[in-house]
Structure formats: C-alpha cells, structure tokens
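Here, residue 1 is the first one in the sequence, and each next residue gets the next number. Counting convention: from 1, in listed order, for ligands and their atoms alike.
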Amino acid sequence: MAAADGSLFDNPRTFSRRPPAQASRQAKATKRKYQASSEAPPAKRRNETSFLPAKKTSVKETQRTFKGNAQKMFSPKKHSVSTSDRNQEERQCIKTSSLFKNNPDIPELHRPVVKQVQEKVFTSAAFHELGLHPHLISTINTVLKMSSMTSVQKQSIPVLLEGRDALVRSQTGSGKTLAYCIPVVQSLQAMESKIQRSDGPYALVLVPTRELALQSFDTVQKLLKPFTWIVPGVLMGGEKRKSEKARLRKGINILISTPGRLVDHIKSTKNIHFSRLRWLVFDEADRILDLGFEKDITVILNAVNAECQKRQNVLLSATLTEGVTRLADISLHDPVSISVLDKSHDQLNPKDKAVQEVCPPPAGDKLDSFAIPESLKQHVTVVPSKLRLVCLAAFILQKCKFEEDQKMVVFFSSCELVEFHYSLFLQTLLSSSGAPASGQLPSASMRLKFLRLHGGMEQEERTAVFQEFSHSRRGVLLCTDVAARGLDLPQVTWIVQYNAPSSPAEYIHRIGRTARIGCHGSSLLILAPSEAEYVNSLASHKINVSEIKMEDILCVLTRDDCFKGKRWGAQEIRERATVLQTVFEDYVHSSERRVSWAKKALQSFIQAYATYPRELKHIFHVRSLHLGHVAKSFGLRDAPRNLSALTRKKRKAHVKRPDLHKKTQSKHSLAEILRSEYSSGMEADIAKVKKQNAPGEPGGRPLQHSLQPTPCFGRGKTLKWRKTQKGVQRDSKTSQKV
Ligand SMILES: Nc1ncnc2c1ncn2[C@@H]1O[C@H](COP(=O)(O)OP(=O)(O)OP(=O)(O)O)[C@@H](O)[C@H]1O
C-alpha cells in the first residue's frame, strides 16, 4: 500500500512507486542516459510530481535553514543562471523521501535490570612479593611503570611459577597478558643451562590476530630487556615469508604467532623444532580453539606433540568456558582454573531469576555470564532502518566533534561495510580545508579523524593504522571483529556496535576495547526495531544496557551553527537529519561506481544476517528487514532490484519447499560469505588482495578472494568437510571476513 506521505519504501516488496510499464520505460531512458554520460542516473524520477506528495521535504526546502557555506552548497546560484546551471539546479532538487514516516514503531524496551558479574581489578600486592628476578621486577616497575598486581596476576603468576597448567578467565583489560608473560620470562631466564638463540622455541604463544601478535610481542620484548640472550619473535601473515624463515633459522626462543602462519611455516620450513618447548600459551583461547581454527590447531598440536611431551599449557580469555577446553584436544595436566569472579555476584538474585524465566536458555545450552568492567556504561538505541546511517553519523559528530578527546571504535560485520562507511564519512563528513567542498556537509570538522581496520587490508597499512590509532588521543576507528579481541588501544572512550555481534562473548570482547584497567568507557549498540528483543538476550547473560533515545542522538545536528534554523525542536531535527541523508545520497549517486559499491555493501550487510546462530535467528533474520529502508542506510534511493528478487525467490521457496529453501539460502550465503571471508591475516592460501584505487575511493579495496574456505573465527559454528579434487577441504558457513 502506498504511504500517505509518499515514502518511497512503504512496502518491502515494492521498491518503486511507478506502475510497471512506466517504470520500465523510465528504466530504459535512464539506462540510455547512464551509458551516454557514464555517470550514475540522477534520480530524476523524484521530480515527477505525479508520484510525489506535494508536501515532501526537498533539499531545496531544507537548504533555506542553512547559513554560510551550507547555503553555498545547496542553494541555487543567485546570479544569472545558465542552462547547465539550471540542469545542475534541477539535479540538486532531488527529493529525499521522508525519513520519519512509515517507520515501524520503536518498541518500548522492557529492559530487565540484571546484576552484572563483577571483578575487582587491582590488588595491593606488589610484584616484588613474587620472588621474581630483581631485574625483572625493576623492568616491570620502571619500563612498564607498574608496581601492584591486578587480581588475575596475583592469582595466576604463582600458579604458573609452580609449573602448573592453567585456565585463566578474567574480564577484558585486566592484565592477562602479563599474567602469562611474567612467569614465562621468569622461568626461562632462570634455566640452569643458559638459553641459546639457536635452541629454538621454549615458549609458543598463539593469538588470533596479527595486531594482537604484535602487541604481545611488544610486551614480551619489554620484559626481556635485562635478559638479552632470550630472543623473542613474531610470525604473522602479511609479512615476507622469506625474512620470517631467516629469523626462524637464526632462532626464536619465545615465539608469538597467529595459527595460520605458524602452520604455513611448519609445513614449509624445516627450521622449526619444538623439542625444547616448555610453554604453550593460547591467548584468547576460546577463539583460537573454536571450530574456525580447528584445522590449524590440529597441525600445530601434532607438530608440537611429536617433539615435546612435557610442557606447561596455559589458556586465557575473558570468555573462557569449560566447553572450550573440551573442544580442544590438548592434554592438560591437572589444570588449575583461575577465575577472578566475585563469587557473591555469581549467585542468582531474585531479579536475575525473573530474567532467566523471561528469556530461558536454549535447550541443552548452559548460559554463560561474563564479568564486565564496572566502569563501563553500556547503552542501546533502537533506530528504524531508514535512519541508521544518519543516526550513526550524528553520534560520531556528537562525540568526536562536539566533545573533546573522544576516541571511538565502531564495529561492523564485514570488510565491505567498513570500507563503505569509511569512504562515505571521509568524503562527506570530513573537510581537510575546513570549508566544505561541493557535496560535503557544512558541519564537517577538522576535529574528526577516521581510520579503518579490517582483514582485507595490506598488512603494512593495517600495522600503520593500528599504531596510529593506538597513539592517537582522538579519532574514529571503523573496523571489523579483527579489532575485537585482545587489542589494548589506550584511552578509547566509546565503542559503537553498528551491527550486533553474534554471541555474548563477542559482545563482551568488542565493548572490552574500552574501560580497560579501571578506566571509564561507554558503549552503544544500535538495533533495528525488530531486533529490540536482543536486549533480553543480553540480559539473560547478565549484560545490562540502558537506552538512549534516537532523538537524543539526532538532536546533535542542531548544535552546529551551519545547521541553525528557524525552528527549534523535533521538526528542526528532522529537517537536518534529512539534509544529512541527502548529502549521503548525493554522494552515493554521484557516479555509477559508487552506486554499485553501495549495493555491494548493502548485500554484505544482508548476508551477515545468515551468520547469526540459530538461537538468535528469531531476532536477526533477513526476512524481518525492510530492504527499501535498509537501502536508504546505504545512501541508496531505491533497494537494488536483484536484491528484492533474491529475497522474493527465497520467500517463495520457503513456502513450497522449506528444505530447498534452506539449501538455496545456504548456497547463496556460503558464496557470499566466502567472498567476504573472515581474515585475521593468517591465511596463506587466500588470493592476495591487491590495491586498485586510492584508499578511500569506492572499489579501492577489492574484497574478493578465491573461494577457498579459510580459517575463520566463527560467528556461527557449523563446519563441514567436503571432498574435492585437491583432497579433503572444509566447508565453512561460519563467518564474514573481518
Ligand atoms: N599490574 C598492572 N598495573 C597497571 N597496569 C597494568 C597492570 N597489568 C596490566 N596493565 C595494563 O592493563 C592493560 C590491559 O592489559 P591486557 O591487555 O593484558 O588485558 P587483558 O586482560 O589481556 O585484556 P583482553 O581480555 O581484552 O585481552 C594494558 O595496558 C596493561 O599494560
């Protein structure tokens, strides 16, 4: 049914308001023009008043509320207007469909208040109480500038110094890295026969991402300052294999590696020997040992076990569960379980019980609850799909333009989404000169700085971005889950989850990039109205979020002088949101390539829904999405036709043959997900991503790889094996590339 306000996207299946015959005539005409100009078709049809309501907000209307640069940008020239100028002017009068009408109601969040699991971070115990080598103590005190231990260090270090295996769980940012690094260094420096470089690895530390490998290496290197005969080294994808081989040949005593790269060397390098191995550490163990890494871990354990039987095994994570250790075929010898949980908080109080009854766990599933830093304030906002993009942009402006020294990390579900939003924001919200260029938002500010990080980037750039953001006092990092685990990015004040994570554990790790080691931090989760129930799902894991109303985020748009209007209040906010949306749409529709790039991002967004696990499917399902509305959040004026066809086909198939539907869907998902595989940078067999265009330009980072399944840290957990001509390979339905 057509909407009263003429919203372009009233019906999910009706992406055009024109009658089919006319639509097709129009499409042909548009296509001719498109070919002739090699530009994206201007959405001229929106000037066809017969299909538009009389009272629709246009850019022309909204521009009147602008001043200064804003006016220059949006208003017609005052002087004599040439024909081309008139054409230009006509193009500028493209109407933006109402962002605020025909949206689904935002449900009241009946947010169950749960008591979160808490941990005490610091203790008064000093490092010198541990009986460590005096040089190690002085290095901790003077180089790392630490004197007292955190709770997890106080509990773990003595146990590990006794030679025990351990499973260590404590909240994000509580100092788990030193909890294993200190005992490793202490024990190796104390060995009777002094370690030789050529002895090879005495300790092997496995971590899931390259950035985490670099970070852990940095910590080990600092601790080893007084013990120069012990050589640390890092292996990670993206580095030159040849130079890594050379370093291995010379000898590395504490080896930090991502699993994929280590497997690569085990298979191709004759220089790795584990006969002297004393320590095997799995940092982010639940990730490393999940099914996505299974194959690599099997190869590593086989290689290690073949040469060394007696060693200490340490597994650490903020979300370590018993189930994880059962998955692993690691022969832990009488391990000590270390959990810093404040036991008094672990008891169910009556309120929690009520929540558990409201959201019963899936049959057979034990509900895991993890500690969250006390100083981390978690928020959620429910935003209709049409307003998602504007809302995210407004939130970034609010925090990173109008407030001092804010450092924000925004998580997306795929590399394509990161690239899209990065380029879009760079081109529309930023202005290097201070004065907005044509097509740019007048509120663009020098204070804003955008960076991006994902698995499709060249390693050199990844490292540079990681370093830059780490050392920066402000900025916005747009990233995939490649940055979710373990990274210690100082002074991050806000975490935004633009796409909901697939598990409570991933939620915990993402938000854990802020409020580290007793600092304050906040997080915001953005949900669609149909996804509001996710709040209950989080509550059942004792995760407490409070609501921020969308209007409170959007109202920041009234704070910029450029946005000063006659009206004050809700109406003005709406006008400004519409202008912001128009800026995005104008940018996306300014060339054919940008339109197709936005479509690809939209497709990736939709495909990400296939990766939610079964127990969340009733909340996150592609069928709950209004594709036309979602398209708007990619700056698209219409939902791409092929997407609607695909969705309809799926629906039809679903009605007739549920089994067939399942197959077709998983086939589509698989192809797309694999194209968008989750690369943490360990994969040696992925076709290399090549630079084509300058960064920040659409198409600048092609994200297609060979359809070879690769290890992935899963959003889901389904792995199958299939026979191919090359032997047995694994099918993966697990994850988007990050
Ligand atoms: N005893 C200490 N005193 C002060 N700061 C510390 C201490 N131990 C660790 N830190 C600092 O705390 C921060 C977080 O430490 P670390 O990265 O090891 O946390 P984590 O528990 O491994 O987090 P995650 O679960 O996210 O991986 C680091 O900046 C580290 O330098």
- Near-ring test Phe450/His421, centroid separation under 6.0 angstrom: no

- Message: On a heavy-atom basis, I'd like to know which of Arg513, Lys176, Arg169 is closest to atom 25 (O) of ligand 1.
- Response: Lys176

- Thr298: partners by side chain to side chain contact (heavy atoms under 4.5 Å, CB included), with sequence neighbours left out: Glu294, Asn302

- Query: Has ligand 1 got any nitrogen or oxygen that is less than 3.5 angstrom from a nitrogen or oxygen of Gly175?
  - Reply: yes

- Query: Can you check whether Asp165 reaches Val336 side chain to side chain, under 4.5 Å on heavy atoms?
  - Reply: no

- Message: Checking a contact table here: which protein heavy atom is nearest atom 8 (N) of ligand 1, and how many Å away?
- Response: Gln153 NE2, 2.8 Å

- Item | atom 18 (O) of ligand 1: the protein heavy-atom neighbour that sits closest, reported with distance to 0.1 Å | Thr177 OG1, 2.6 Å

- Heavy-atom nearest neighbour in the protein, as seen from atom 23 (O) of ligand 1, with distance rounded to 0.1 Å: Gly173 N, 2.8 Å

- Message: What I want to know is whether Gln215 and ligand 1 share at least one N or O pair that is separated by under 3.5 angstrom.
- Response: no

- Note on the structure: Near Phe127 (heavy-atom distance under 4.0 Å), the atoms of ligand 1 are 1 (N)

- Measure from atom 27 (O) of ligand 1 to every heavy atom in Gln171, Lys154, Glu284 and give the option owning the shortest one. Glu284

- Message: So Val476 and Val496, do their side chains get closer than 4.5 Å, heavy atoms only?
- Response: no

- Message: Is it true that, when you exclude Lys399 itself, more than 12 heavy atoms of the residues, nucleotides or ligands shown sit nearer than 6.0 Å to its NZ?
- Response: yes

- Task: For residues Thr172 and Phe370, determine if any side-chain heavy atom of one lies less than 4.5 Å from a side-chain heavy atom of the other.
- Result: no

- Honestly, for Tyr180 the part within reach of ligand 1 (heavy atoms, under 4.0 Å) is neither

- Say whether Gln186 and His133, considering side chains only, have a donor N or O and an acceptor N or O under 3.5 Å apart. no

- Per-atom contacts, ligand 1 versus Ser174 - under 4.0 Å to a heavy atom: 19 (O), 20 (P), 21 (O)

- Message: Regarding Gln378 and Tyr507, do their side chains bring together a donor and an acceptor under 3.5 Å, going by distance alone?
- Response: yes

- ligand 1 versus Asp488, non-hydrogen atoms closer than 4.0 Å: side chain, backbone, both, neither? side chain

- Message: Could you walk me through whether Phe605 and Phe412 satisfy the ring-ring contact (aromatic ring centres under 6.0 Å, His included) test, starting with their C-alpha distance in whole Å, then the side-chain angles of each, then the deciding distance to 0.1 Å, before giving a yes or no?
- Response: CA-CA 9 Å; Phe605 172 84; Phe412 294 89; 9.8 Å; no

- Query: At under 4.0 Å between heavy atoms, which part of Ile517 makes contact with ligand 1: side chain, backbone, both or neither?
  - Reply: side chain

- Message: With a 6.0 Å cut-off (strictly less than), is the heavy-atom count around CZ of Arg247, excluding the residue itself, greater than 12?
- Response: yes

- Looking only at distances, please establish whether an N/O atom of ligand 1 is found under 3.5 Å from an N/O atom of Phe122. no

- Query: N/O to N/O below 3.5 Å, does that happen between Ser148 and ligand 1?
  - Reply: yes

- Classify the contact between Met146 and ligand 1 as side chain, backbone, both or neither, using a heavy-atom distance cut-off of under 4.0 Å. side chain

- For atom 17 (O) of ligand 1, find the nearest protein heavy atom and state the residue, atom name and distance (0.1 Å precision). Arg516 NH2, 3.0 Å

